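Note that the structure is a prediction, hence the values are computed from the model and not measured. Counting starts at 1 for both ligands and their atoms, in listed order. Positions are given from 1, in the same order as the sequence printed here.
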Amino acid sequence: MTTASHSGTLHVVATPIGNLGDLSPRALETLRGVAAICAEDTRRTRQLLSHFGLDTPLLALHEHNEADVAARLVARLQGGESLALVSDAGTPLVSDPGFRLVRAARAAGVRVSPVPGPCAFVAALSVAGLPSDRIAFEGFLPAKAGARRERLALLASEPRTLAFYESSHRIADTLADLRDAFGAARPAVLARELTKLFETVLDGSLGELAERVAGDPDQRKGEFVVLVQGVGDDTEARIVEGRRLYARLGEHLPPSTAAKLAAELTGAPRKALYGFEDK
Ligand code: SAM
């Protein structure tokens, strides 16, 4: 759809994920200049605006009312007013509300323009030292343990680096589930409280990270991004296939012969096949 020239603009504005110094000058000017700001939690955004001396009117737009208020907001935009959309922290629409409003505005031919800025998983990726060319952003895993494990089972052979969001009360369980689903040796990074006072970026295997967080209550406080390296190099995939074959051949052959054949057929190191079923 082409944009209507008499319409206002919907500015999608990223806000800080902790450090208020990360609000960009352009974000500030945009928030100052619009007729109103659509905010997930108006009290939180009011605090941000007060810090910068702004008193732009606020409108509540959250997951429970977005479908209802989107049409009214689009009418205002079509009437020539410009609006901003913010979430509580970071980039709107990234595990945050806004997609319905943006879709409705675009469908109505209203210009939608980003003011980019902080985003927790991008910030984590930038300091993780994990492969970053291709990334699969998974956001929050299901809260229920059964659904979470099912989701992780589907992701275990994903070759891209995986990014998850997690809160303090589930981080220990999620790390344990990740370790069980992807194997204790898989490299990962846990980024906590980025840009804030207690910013911590831990790297290690999933086994090490799960143990560290389970044993240290301080490491369970705050907000988290978990990044997990994908099955990038095919050694890991070969080992999985080698072990499957070794177990099958082992039903008919002595372990040493089964391991030799499975290693030859899959290219997995023979040592990685022995005794894994006891672990
Ligand atoms: N829209 C946001 C963004 O652009 O990243 C994400 C919103 S989501 C509702 C909130 C989650 O993002 C938190 O539970 C946490 O997983 C992650 N997060 C937000 N701020 C963070 C920070 N400072 N450090 C680490 N993770 C953070």
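- Annotation: salt bridge (Lys or Arg N to Asp or Glu O under 4.0 Å) contacts involving residues 200-220, sequence neighbours excluded, comprise Asp218-Lys221.
- Closest approach of Phe224 and Arg192 over heavy atoms only: CE2-CD, 3.2 Å.
- Residues Leu10 and Ala84 come closest through the heavy atom pair CD1-C, 4.4 Å.
- Closest approach of Glu40 to Asp88, counting heavy atoms only: OE1-N, 2.9 Å.
- The 4.0 Å heavy-atom shell around ligand 1 contains residues Ile17, Ala89, Gly90, Thr91, Val94, Ser95, Asp96, Cys119, Ala120, Phe140, Tyr165, Glu166, Ala191, Glu193, Leu194, Lys196, Glu223, Phe224, Val225, ordered by chain and number.
- A salt bridge is absent between Glu29 and Arg26; no separation between the charged side-chain nitrogens and carboxylate oxygens falls under 4.0 Å.
- For the pair Leu85 and Leu93, the minimum side-chain heavy-atom distance is below 4.5 Å.
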